[in-house]
Amino acid sequence: MYSRLLTPRWVLLHLLVIALFVATFFLGYWQLSKAEAGGGAVNWSYALQWPLYGFMGLWFYLRMVRDELHRDPDAGKPSNAVVLYQRPRIDTTGDPELAAYNAYLAELNERALGQRSASNGR
């Protein structure tokens, strides 16, 4: 179950989140040193906000990990289910130019479906 979190993509995400989490505390420390040197209220607020951003990002990341662990691993794979196809009805009433265009689209659709079924038969 936890092996899904050890794929190269997830390992890179783990490392990135750790690096960014640590970076927010360094940025908070830097803002705190600026505030203590007389930087003003803006530096004091940023000194508090940077660690808050780090914890907020960590919280979202942990939720993403939890969702990945609870996700069905076969949910994204294509299935072998039979898909019933109904040909679209071509409206020939009204505008003849629109009817000709709809017939052209239906012909393109038939060709695409024929190519798809031919490539599936290989």
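Note that the structure is a prediction, hence the values are computed from the model and not measured.
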* To do: Can you establish whether the number of heavy atoms outside Y61 located under 6.0 Å from its atom OH is more than 12?
  => yes
* Structure fact -> So CG of L62 and CG of D67: to nearest 0.5 Å the spacing works out to 11.0 Å
* CG-CG distance between N109 and N102, expressed to the nearest 0.5 angstrom -> 12.0 Å
* Aromatic plane relationship, F21 with F25 - under 30° parallel, 30 to 60° tilted, over 60° perpendicular -> perpendicular
* To do: With rounding to the nearest 0.5 Å, note down the distance linking CD in E68 to CG in L13.
  => 10.0 Å
* State yes or no: do L16 and W10 share one hydrophobic cluster built from I, L, V, M, F, W and Y residues joined by side-chain heavy-atom distances below 4.5 Å, directly or via other members? => no
* Structure fact -> Nearest heavy-atom contact between L5 and H14 is O-NE2, 3.0 Å
* In one Ile/Leu/Val/Met/Phe/Trp/Tyr side-chain cluster, 4.5 Å: L48, L58 -> no
* To do: Give a yes or no on whether V65 and I18 share a hydrophobic cluster (residues Ile, Leu, Val, Met, Phe, Trp, Tyr; joining criterion: side-chain heavy atoms under 4.5 Å apart).
  => no
* In the single-linkage hydrophobic clustering (I, L, V, M, F, W, Y; side-chain heavy atoms under 4.5 Å), do F26 and Y53 co-cluster? -> no
* Return the minimal non-hydrogen interatomic distance between R71 and R4, and the atom names on each side. => O-NH1, 2.9 Å
* Asked: So, for G28 and P51, which heavy atoms are closest and what is the spacing to 0.1 Å?
  -> CA-CD, 4.3 Å
* Hey, any chance V17 and M56 share a hydrophobic cluster, counting ILVMFWY side chains that come within less than 4.5 Å of each other, even indirectly? -> no
* Straight-line distance of L32 CG to W44 CH2, nearest 0.5 Å -> 5.5 Å
* For the atom pair CG (N43) and CH2 (W30), what is the distance rounded to the nearest 0.5 Å? -> 7.5 Å
